[in-house]
Structures are given as structure tokens and as C-alpha cells.
Amino acid sequence: MSANDSPEEPEGAARPPEPPEAPRSPEPAQPPRSAEPVPPAEPAQRPPAPEPAEPSEEVPGQPEETGRQRLAAGLWPPRVSRAQLIVALLLFVLGLGLAIQVRSNSDSSALRGARQEDLVRILDELDGRTKRLEDEKQRLEDQRKELENSSNQAEEARKQTVEKERQLGILAGTVAAQGPGITLRITDPTGQVQSDQLLDTLQELRAAGAEAIQINGVRIVAGSYFSDEDGGIAIDGKKITQPYEFRVIGKPQDLEPALNIPGGVVQTLEKEQATVAVTRSAKIVVDALRAAKQPDYARSSS
């Protein structure tokens with residue numbers, strides 16, 4: 001029997017109670033073992049970038065250019081050479097010259113765009129002027145024949161001389177005159193009417209066959225002139241003020257339409273905010289006289 005061996009206990013002997021086991025203190029939790037270091041993952045290789053497609057190659061998925069787009073791309077931005085620029089400049093100058101020529105030709109006719117009634121009236125006026133000239137020609141022819149055929153040529157010549165003197169006196173303003181005609185009254189409240197506009201009115205009346213004219217008591221003759229003065233207009237150096245009144249002897253059917261043609265005297269004066277009134281009359285008296293001027297150097301050759 002070894003020392004370690006305990007003596008056998010007799011069977012049936014009571015065993016002493018075993019002492020209770022002391023409670024075990026909980027073992028400290030050991031930190032978890034770190035996993036073995038994992039080597040870093042190698043970066044994934046990127047796929048190579050696609051090379052840009054050549055202009056001539058078609059890119060898949062891109063719509064094909066239309067013919068209009070290719071034409072626009074070829075025209076813009078413009079590629080202009082020096083020779084093309086010079087040719088374009090010459091064509092521009094040529095076109096500008098042609099446009100100016102066409103404009104001047106179209107503006108040369110003041111009757112373009114006139115109404116049919118106005119054109120008929122103008123034609124009647126031209127016919128009237130032609131008839132007056134023909135009548136004057138016929139009258140002179142008759143005078144010549146009377147001088148040739150008259151038995152008493154001296155008496156006939158004297159009669160014609162007296163008649164001619166009377167006619168020249170009316171034209172020169174040395175004698176009074178009366179006859180059918182018109183009265184033209186121009187009221188200018190804003191003072192915009194100038195002397196040149198009155199002169200244009202006078203010329204239009206003369207062209208329509210006016211034989212004697214008087215403006216605000218001033219007799220109009222071949223040598224009459226107009227000038228602007230402070231607050232009015234002067235005729236032959238004599239100042240007149242508005243309203244301007246024209247007394248005109250002539251054929252009313254020719255005088256009035258001549259003033260009312262499109263772009264004529266009445267429309268021009270109305271653009272200056274002037275009021276124009278034309279009145280026909282069977283008897284117009286022109287009684288303003290001009291003193292007969294004796295010529296200094298001219299002498300009769302007969």
C-alpha cells in the first residue's frame with residue numbers, strides 16, 4: 001500500500017459529508033485573437049479608354065448627319081478670299097447705282113399713283129393750254145392776212161397797234177383789267193409759308209393761263225420778285241402780311257384744277273398747316289397799277 005492509497009473504509013461505515021465546492025471566480029475574458037492580417041486587395045484594373053473615333057468613321061449610336069447639316073457646316077463660318085470680297089464689293093456698288101437710278105426715274109414723275117379723276121383733269125388742262133396756243137397762232141395768222149389784204153393798211157396797222165398796246169398794258173400792269181377768274185386766299189396761322197412757296201403758286205397760275213394777277217394790292221408783272229421779311233413776305237420790296245389773297249384773271253376751269261393736282265400748290269401749303277380757299281368768279285377786277293418805266297438805254301428801232 002502506497003502512501004497515497006487511503007485505507008479502505010469498511011463497508012457500511014458512514015462517510016463524512018463532502019465539503020461544498022467553493023464557487024469559481026469567472027475567468028477573465030480573453031480578448032479575441034485577431035484574425036491573421038489579410039493582405040490588401042489589389043486594385044482592379046480599369047478597362048482601357050476607347051480611342052476617339054476618326055472623323056471619317058461613324059460612331060456607333062450617333063445619328064448620321066443630313067445633307068442640310070453638312071451644307072450648313074460647309075457654309076459657316078464663311079471662308080471668303082480676297083478676290084471674292086472685291087467681287088462682292090463691286091456687285092454691291094453696281095446694285096446701289098441701279099437702285100438709285102430706278103428711284104430717280106420713279107420719282108421723276110409726280111403723277112405716279114394719282115387717281116384717274118386727277119389724271120383726266122391734268123389732261124384737260126394740257127389740252128386747254130394747247131388750244132390757247134393754237135388760238136394765238138391763228139389770231140396772228142389772221143392779223144398777217146389782214147395787213148396783206150387790207151386796202152388801207154395804215155388804218156389797219158393803227159388799230160392793231162392800239163389793241164397791242166392795250167394787251168401789253170395789261171401784261172405790264174399799267175392799266176386795270178377785269179374778267180373771269182379765281183380768288184385764292186391763303187391763311188397761315190403758324191407762319192410757316194415762305195416766299196418761295198408763294199412764287200411756286202404764281203408760276204403754277206401762269207402755266208395754267210393766268211393773264212393778270214394781283215396779290216394783296218401788288219400788281220404782278222414779269223419782273224416781280226419775292227423775299228422773306230420779318231413777320232411777312234415782301235413783293236418787289238413792298239411788305240405784305242397774311243392772309244395772302246391772289247386775284248387772278250383767266251379761265252377758271254383751267255386755273256382751279258392746276259392748283260389741286262396731286263402734290264401741287266394746295267397740298268404743299270396744307271402740309272405747312274396753312275388753309276387754302278379757291279373761289280371761282282365770273283368777274284375779277286385787277287386794279288392795282290404799276291408805273292410805266294421809261295427805259296434808259298433801249299430805243300425803238302422803227
Side-chain angles (χ1 to χ4, degrees), residues 110-111 118 121-122 124-126 128-130 132-133 136 167-281 283-293:
L111 304 178
D118 297 329
R121 184 183 305 167
I122 294 171
D124 292 340
E125 179 184 349
L126 293 176
R129 294 180 185 179
T130 304
R132 288 195 302 272
L133 293 175
E136 180 67 16
Q167 295 176 0
L168 293 177
I170 294 176
L171 297 177
T174 58
V175 297
Q178 65 179 13
I182 63 171
T183 300
L184 171 65
R185 188 180 181 88
I186 301 173
T187 305
D188 180 26
T190 60
Q192 299 297 321
V193 177
Q194 304 294 324
S195 60
D196 57 342
Q197 293 168 331
L198 293 186
L199 179 60
D200 292 340
T201 305
L202 174 63
Q203 298 292 2
E204 192 67 35
L205 291 171
R206 283 175 170 172
E211 298 177 353
I213 303 175
Q214 174 180 320
I215 304 176
N216 286 37
V218 179
R219 186 68 171 268
I220 302 300
V221 296
S224 295
Y225 63 92
F226 292 75
S227 61
D228 293 317
E229 299 288 343
D230 294 336
I233 297 174
I235 302 177
D236 297 336
K238 184 179 180 180
K239 185 176 179 180
I240 62 173
T241 57
Q242 58 136 343
Y244 308 114
E245 185 180 78
F246 288 68
R247 296 184 187 179
V248 186
I249 296 177
K251 188 177 181 180
Q253 294 81 357
D254 295 336
L255 297 174
E256 184 179 2
L259 299 175
N260 291 306
I261 62 175
V265 171
V266 174
Q267 289 188 1
T268 302
L269 293 174
E270 288 178 349
K271 288 181 181 179
E272 302 295 339
Q273 301 180 357
T275 303
V276 183
V278 181
T279 305
R280 296 186 184 186
S281 179
K283 181 180 181 181
I284 297 292
V285 178
V286 175
D287 52 4
L289 302 180
R290 300 288 290 259
K293 185 178 179 181

Give the minimum heavy-atom separation between Leu255 and Ala210, together with the two atoms involved.
-> CD2-N, 3.9 Å

Tell me, which pairs form a side chain to side chain donor-acceptor pair (under 3.5 Å) where one or both residues lie in residues 247-269, sequence neighbours left out?
-> Arg132-Asp254, Glu256-Arg280

Between atom CD1 of Ile284 and atom CD1 of Ile213, what is the distance when rounded to the nearest 0.5 Å?
->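 If I round to the nearest 0.5 Å, the distance is 12.0 Å.
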
Nearest 0.5 Å, what's the CD1-OH distance between Ile235 and Tyr225?
->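 Here the rounded value is 10.5 Å.
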
Just jot down the salt bridge (charged side-chain N to carboxylate O under 4.0 Å, His left out) partners of [X], sequence neighbours excluded, or say none.
X	value
Glu125	Arg129
Arg219	none
Asp287	none

In this structure, are over 12 heavy atoms from other groups packed under 6.0 Å from Lys238 atom NZ?
->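 No, because the 6.0 Å sphere around NZ of Lys238 holds 12 heavy atoms or fewer from other groups.
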
Minimum side-chain heavy-atom gap [X]-[Y] below 4.5 Å:
X	Y	result
Ile233	Tyr244	yes
Ile170	Val286	no
Asp188	Glu272	no

Decide side chain to side chain contact (heavy atoms under 4.5 Å, CB included) for Ile220 and Arg206; before the verdict, give the C-alpha distance in whole Å, the side-chain angles of both, and the deciding distance to 0.1 Å.
-> CA-CA 11 Å; Ile220 302 300; Arg206 283 175 170 172; 3.4 Å; yes

Can you name the side chain to side chain donor-acceptor pair (under 3.5 Å) partners of Ser195, sequence neighbours left out?
-> Asp228

Name all residues meeting the side chain to side chain donor-acceptor pair (under 3.5 Å) criterion together with Thr187; count only those two or more places apart in sequence or in a different chain, and write none if there are none.
-> none

Pick out which of Ile215, Leu259, Val278 makes a side-chain contact (heavy atoms from CB on, under 4.5 Å) with Phe246.
-> Ile215

Please report the C-alpha distance between Gln167 and Leu171 in whole Å, then the side-chain angles of each, then the deciding distance to 0.1 Å, and finally whether the side chain to side chain contact (heavy atoms under 4.5 Å, CB included) criterion is met.
-> CA-CA 6 Å; Gln167 295 176 0; Leu171 297 177; 5.6 Å; no

